[in-house]
Structure formats: C-alpha cells, structure tokens
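This report refers to the structure that appears directly beneath it.
Start at 1 and go down the list; that is how both ligands and their atoms are numbered.
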Amino acid sequence: MNDLNHLAIIMDGNGRWAKLKSLARSVGHKNGADTIDKVALTCIDLGIKNLTLYAFSTENWSRPKEEIDFLLNLAKDFIKKKEALFIKNGVKFETKGDISVFDDELKKAISHLKEVTKNGSNLTLALAVNYGSKDEIARAVKKLIKLNLEINEENITQHLDAPQMGNVDLIIRTGGEQRLSNFMLWQGAYAELVFTPTLWPDFNQKELFKIVENYKKIHRKFGGL
Ligand code: FPP
C-alpha cells in the first residue's frame with residue numbers, strides 16, 4: 001500500500017457549476033471555497049500530511065478584472081476567517097506562488113495566518129496563489145544565483161516554495177479537463193494523476209476516500225521495475 005504524504009488538487013469547475021444552476025460565476029467560487037474546509041478535514045482523517053490547492057494561477061490574471069478582484073477578495077476573506085478552524089484542527093498554513101505582488105492587506109493576512117498556525121502538526125495546507133510552476137522554478141534558480149549556490153536538482157528542490165512539503169504523490173483535477181495547467185511540474189514529476197468530471201463545489205469526502213483507496217493500490221515504480 002502506498003503512503004500518501006502530499007496531495008495536490010486543481011480545483012476546477014466552479015464557473016460551470018454556477019452556470020448549470022443559472023447562478024453567477026462568483027457563487028461558484030464561493031461554494032468552491034467552502035469545499036476547501038471539508039477536503040482539508042478529510043485529509044486529516046486520512047492521515048495525509050500535506051495538501052496543496054491551486055487557487056489562483058499566474059495565468060488567471062488574463063480573466064476579466066471583475067473576476068480577478070472577486071477571487072482575490074475571496075482569498076483574503078478565506079485567509080482572514082480560518083485562524084480558529086486551523087488552530088483547532090492542527091493545520092499549518094502555507095502559500096506557494098509569488099505573493100509579493102499582492103496588496104499589503106492580503107500580504108499581512110497571509111503572514112499572520114502563517115505565524116499563528118506555525119505549530120500545526122496534523123496537516124500543512126498550502127494555498128497556491130499567483131502560482132505557476134515555471135515561475136516557481138525560475139524564482140528558485142534566481143535564489144540559488146543570489147546565494148552563490150550550485151544549480152542542481154537538489155538545490156532547486158530545496159528552494160522551491162514551501163519545500164518542506166516535498167514531492168507530490170497524487171494530483172487530482174476536478175472539472176473534467178485533463179491537463180496540469182502549470183501546476184507542480186517539478187514536485188509532481190512522478191505524481192499519480194486523477195481527473196474527475198466532478199465540478200469542484202460538488203467534490204466531497206466520499207469521492208476523495210475512493211480516489212485515495214485506488215491510489216493506495218497502484219504499483220508506483222518511479223522509473224524502476
Ligand atoms: C476554477 O474554476 C477555479 C479557480 C479559478 C480557482 C479556485 C478557486 C476556488 C476554489 C475558490 C476560491 C478559493 C480561494 C481560497 C481563493 P473555473 O472558474 O476555472 O471554472 P470553470 O472552468 O468551470 O469556468
């Protein structure tokens with residue numbers, strides 16, 4: 001049986017979920033944000049120690065300004081409201097992505113939540129915001145050059161965002177598309193991939209249990225036999 005140390009999820013399908021119900025896309029995102037809590041608590045039940053969630057990509061800036069503002073406000077709201085829940089459940093908060101571009105209010109909310117949850121030992125939850133894998137790798141290489149360190153696999157790995165979370169074992173993408181969209185390309189080099197048609201706001205504990213059960217039975221070879 002495989003261990004599942006690090007799960008990463010591309011939370012796709014909020015817009016289509018809303019459209020199917022003749023609701024505004026923003027309602028889909030709002031419901032999508034609510035799914036995060038349930039999934040995080042399920043990960044704790046399953047003994048998964050690291051969870052990375054793709055919330056806003058470096059490519060999402062090409063969406064209409066109204067939707068970008070809504071998503072970033074939702075992220076701000078989410079981060080401001082999670083302190084009690086995360087502390088109660090031993091969740092350590094992290095981010096992946098270039099957060100230097102955000103306004104001071106969001107940056108402060110992020111560093112506050114990181115600080116007050118830093119001793120959480122049940123689950124490390126990283127929200128990937130303004131995240132792109134290629135950008136993350138380029139920033140890691142720039143850090144190495146600045147530190148005058150050799151550019152090799154080990155050093156790049158150690159200078160990615162939240163490197164303590166390690167390689168990704170399983171990537172789930174909801175919403176039916178079958179691509180990685182610039183997500184965890186380095187850490188997920190040997191990740192198992194699961195694509196489900198379920199739209200993110202409908203994703204639930206039962207489906208996650210099933211996916212994890214199937215994952216545990218896979219013979220992972222990592223290039224060996
Ligand atoms: C995809 O839906 C989802 C996103 C763009 C980001 C994920 C965002 C959330 C789960 C809600 C926000 C949560 C936080 C904490 C910011 P889509 O709009 O691409 O859906 P579609 O493909 O059906 O249009």
Side-chain angles (χ1 to χ4, degrees), residues 7-43 51-86 89 91-99 101-103 105-114 117 123-133 135-136 161-162 171-184 194-205 207-208:
L7 168 67
I9 307 182
I10 302 174
M11 310 181 287
D12 199 9
N14 296 340
R16 276 163 287 161
W17 181 91
K19 198 171 176 200
L20 281 169
K21 295 181 154 43
S22 305
L23 298 166
R25 289 178 60 81
S26 56
V27 181
H29 292 314
K30 177 81 195 52
N31 279 270
D34 293 340
T35 302
I36 294 177
D37 291 0
K38 295 175 213 153
V39 165
L41 297 179
T42 304
C43 284
L51 172 65
T52 299
L53 299 168
Y54 208 2
F56 193 89
S57 75
T58 47
E59 288 75 29
N60 285 151
W61 295 105
S62 66
R63 293 193 177 201
K65 184 178 180 308
E66 196 184 45
E67 177 151 339
I68 295 171
D69 289 347
F70 185 85
L71 278 169
L72 294 180
N73 271 321
L74 198 58
K76 204 178 278 179
D77 228 50
F78 175 90
I79 289 162
K80 282 185 177 167
K81 285 188 186 147
K82 293 301 152 187
E83 183 168 340
L85 182 78
F86 283 5
N89 291 283
V91 176
K92 176 180 159 80
F93 179 69
E94 276 286 0
T95 54
K96 295 186 181 196
D98 182 3
I99 58 171
V101 300
F102 294 133
D103 64 37
E105 192 190 349
L106 182 50
K107 279 194 275 199
K108 266 189 204 143
I110 288 172
S111 56
H112 176 76
L113 192 58
K114 283 183 182 173
T117 62
L123 174 75
T124 299
L125 184 156
L127 211 54
V129 277
N130 191 27
Y131 177 86
S133 219
D135 176 67
E136 181 190 29
D161 301 332
I171 297 177
I172 299 173
R173 181 175 189 141
T174 61
E177 310 286 345
Q178 302 198 7
R179 58 175 168 269
L180 289 175
S181 301
N182 201 9
F183 184 55
M184 307 295 275
V194 172
F195 300 100
T196 168
T198 304
L199 304 172
W200 176 249
D202 288 332
F203 191 72
N204 60 23
Q205 185 179 49
E207 186 166 5
L208 183 53

TODO: Show your reasoning for whether salt bridge (charged side-chain N to carboxylate O under 4.0 Å, His left out) applies to R25 and E67.
DONE: CA-CA 8 Å; R25 289 178 60 81; E67 177 151 339; 2.7 Å; yes
Open item on the list: What's the separation between atom CG in L51 and atom SG in C43, rounded to the nearest 0.5 Å?
Closed with: 4.5 Å
Task: Intermediate values then yes/no, salt bridge (charged side-chain N to carboxylate O under 4.0 Å, His left out), D34 and K30 - done: CA-CA 7 Å; D34 293 340; K30 177 81 195 52; 3.6 Å; yes
- [ ] Could you go through the side-chain contact (heavy atoms from CB on, under 4.5 Å) check for L123 and F86 one step at a time?
- [x] CA-CA 9 Å; L123 174 75; F86 283 5; over 6 Å; no
Open item on the list: Once rounded to the nearest 0.5 Å, what's the spacing between atom CG of L125 and atom OG1 of T117?
Closed with: 9.5 Å
List, for ligand 1, each N/O atom that has a protein N/O partner under 3.5 Å away, with both atom names and the distance.
from     : atom 1 : to  : atom 2 : distance (Å)
ligand 1 : 2 (O)  : N14 : N      : 3.4
ligand 1 : 18 (O) : R25 : NH2    : 2.6
ligand 1 : 18 (O) : R63 : NH1    : 2.9
ligand 1 : 19 (O) : D12 : OD1    : 3.1
ligand 1 : 19 (O) : R63 : NH2    : 2.8
ligand 1 : 20 (O) : G13 : N      : 3.4
ligand 1 : 20 (O) : N14 : N      : 3.2
ligand 1 : 20 (O) : G15 : N      : 3.0
ligand 1 : 22 (O) : D12 : OD1    : 3.1
ligand 1 : 22 (O) : R16 : NE     : 3.4
ligand 1 : 22 (O) : R16 : NH2    : 3.0
ligand 1 : 23 (O) : G15 : N      : 3.3
ligand 1 : 23 (O) : R16 : N      : 2.7
ligand 1 : 23 (O) : R16 : NE     : 2.8
ligand 1 : 24 (O) : R25 : NH1    : 3.0
ligand 1 : 24 (O) : R25 : NH2    : 3.2

Open item on the list: Taking NZ in K107 as the centre, count heavy atoms belonging to other residues, nucleotides or ligands within less than 6.0 Å. Is the count above 12?
Closed with: yes
